[in-house]
Amino acid sequence: MNYWLIKSEGTCYSIADMGRDTRVPWTGIRNYQARNFMRDQMQPGDLALFYHSNGTDKEPTGVYGVVQVASKAHTDETQFDTKDEHYDPKSKKEAPLWQCVDIAFVEQYAAPVTLAEIKGDPKLAGMAVRERGSRLSIQPVSEKHFSHIQKLAAQKNPRGVSKKK
DNA sequence: GCCAACGTTGGC
DNA sequence: GCCAACGTTGGC
């Protein structure tokens, strides 16, 4: 079982959209390293932090929830669609360049675990997303880091906080 | 909106 | 195969 971090621009496709759609093919990845992660290492059942990049003051950059890998890698059909913004003229039907996996909604956090918090937490040292110039849209995450983010998110959930004094 | 960092392209 | 030019990403 592997853990991941999947980026999306919050203004483009958010965790709320994910919650509405339930399950989507994660198309449009046009980076070889990210593709290789999907093709070679992602397995159905893997869990991924859903990260909003390019945040604002109101909607800060950070982890907004969790999704689950729901299929093996398969051909990303948008590469052949001339009208799609991720159309790739170099890709041929008989030898597709790009693949994607399906991902399924798991949960939306009550409040995001922000990038500022991630950077400030010594327990999250080494997370790729902390490094400047880290542009990879799909990144592996250690089990330790994954569960610590989950813990931070649970602490923000009022329902998750004990009422006992 | 700026700009540094990065990946990709293409001329040689 | 090198590397400059270019386009894109993403934090700030």
Side-chain angles (χ1 to χ4, degrees), chain A residues 2-19 21 24-42 46-67 69 73-103 105-142 144-146 148-150 152-153 155-156:
Chain A
N2 296 309
Y3 297 91
W4 307 93
L5 180 144
I6 294 178
K7 285 187 197 171
S8 176
E9 287 195 42
T11 53
C12 179
Y13 190 83
S14 71
I15 189 71
D17 296 322
M18 194 64 228
D21 294 342
V24 292
W26 200 245
T27 57
I29 302 292
R30 298 292 180 266
N31 170 284
Y32 289 104
Q33 215 180 334
R35 179 204 67 184
N36 293 348
F37 280 136
M38 289 195 290
R39 189 190 58 191
D40 305 333
Q41 288 180 250
M42 272 193 177
D46 284 359
L47 292 171
L49 303 168
F50 197 90
Y51 179 92
H52 289 190
S53 62
N54 281 314
T56 59
D57 287 346
K58 244 183 105 187
E59 301 254 299
T61 297
V63 176
Y64 277 71
V66 176
V67 296
V69 177
H74 56 86
T75 303
D76 177 347
E77 296 298 334
T78 65
Q79 69 196 295
F80 304 121
D81 182 354
T82 51
K83 291 190 206 75
D84 193 279
E85 72 171 307
H86 298 290
Y87 170 67
D88 186 349
K90 294 195 306 304
S91 187
K92 300 281 168 273
K93 273 271 184 192
E94 58 277 15
L97 273 178
W98 305 110
Q99 294 188 284
C100 62
V101 296
D102 293 355
I103 62 171
F105 177 78
V106 175
E107 67 170 313
Q108 176 172 1
Y109 292 158
V113 177
T114 66
L115 181 59
E117 290 169 318
I118 291 170
K119 284 188 168 174
D121 192 326
K123 289 215 170 106
L124 297 174
M127 269 190 88
V129 86
R130 287 169 46 135
E131 276 145 49
R132 79 203 205 114
S134 160
R135 289 170 38 176
L136 203 51
S137 56
I138 293 180
Q139 307 175 351
V141 169
S142 74
K144 255 194 182 126
H145 289 161
F146 182 89
H148 189 64
I149 298 265
Q150 287 283 75
L152 294 177
Q155 285 168 2
K156 290 168 180 265

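When each of A:Trp26, A:Trp4, A:Tyr64 is checked for a ring-ring contact (aromatic ring centres under 6.0 Å, His included) with A:Phe50, only A:Trp26 meets the rule. Under the side chain to side chain contact (heavy atoms under 4.5 Å, CB included) test applied with A:Leu47, the options A:Val66, A:Val67, A:Asn2, A:Val141 reduce to a single match, A:Val66.
Atom NE2 in A:His86 sits about 18 Å away from atom P in C:dG7, given to the nearest Å. Put simply, CZ on A:Phe37 is 12 Å from P on B:dG7, counting in whole angstrom units. Look at CD1 on A:Ile29: it is 14 Å from C1' on C:dT8, rounded to the nearest Å. Straight-line distance from the CD atom of A:Glu85 to the P atom of C:dG7: 17 Å, rounded to whole Å. Regarding A:Asp57, its CG atom lies at a distance of 15 Å from the C1' atom of C:dG10, rounded to whole Å. A:Ile118 places its CD1 atom 11 Å from the P atom of C:dC12, with the value rounded to the nearest Å. To the nearest angstrom, P of C:dT9 lies 15 Å from CD of A:Gln33. Atom P of nucleotide C:dT8 and atom CG of A:Leu136 are separated by 18 Å, given to the nearest angstrom.
Look at A:Lys7 and you'll find a side-chain N or O under 4.0 angstrom from OP1 or OP2 of C:dG10. Residue A:Tyr32 places none of its side-chain N or O atoms closer than 4.0 Å to OP1 or OP2 of B:dC6.
For A:Trp98 and A:Tyr32, the ring centers are positioned less than 6.0 Å apart.
Of the residues near DNA chain B, A:Arg132 and A:Lys90, the one whose nearest nucleotide (by heavy atom distance) lies more toward the 5' end is A:Arg132.
Relative to the side chain of A:Asn54, the nucleotides B:dG7, C:dG11, B:dC6 differ in distance, and C:dG11 lies closest.
A donor-acceptor pair is defined here as one N or O able to donate and one able to accept, closer than 3.5 Å; no such pair exists between the side chain of A:Asn36 and the backbone of A:Gln33.
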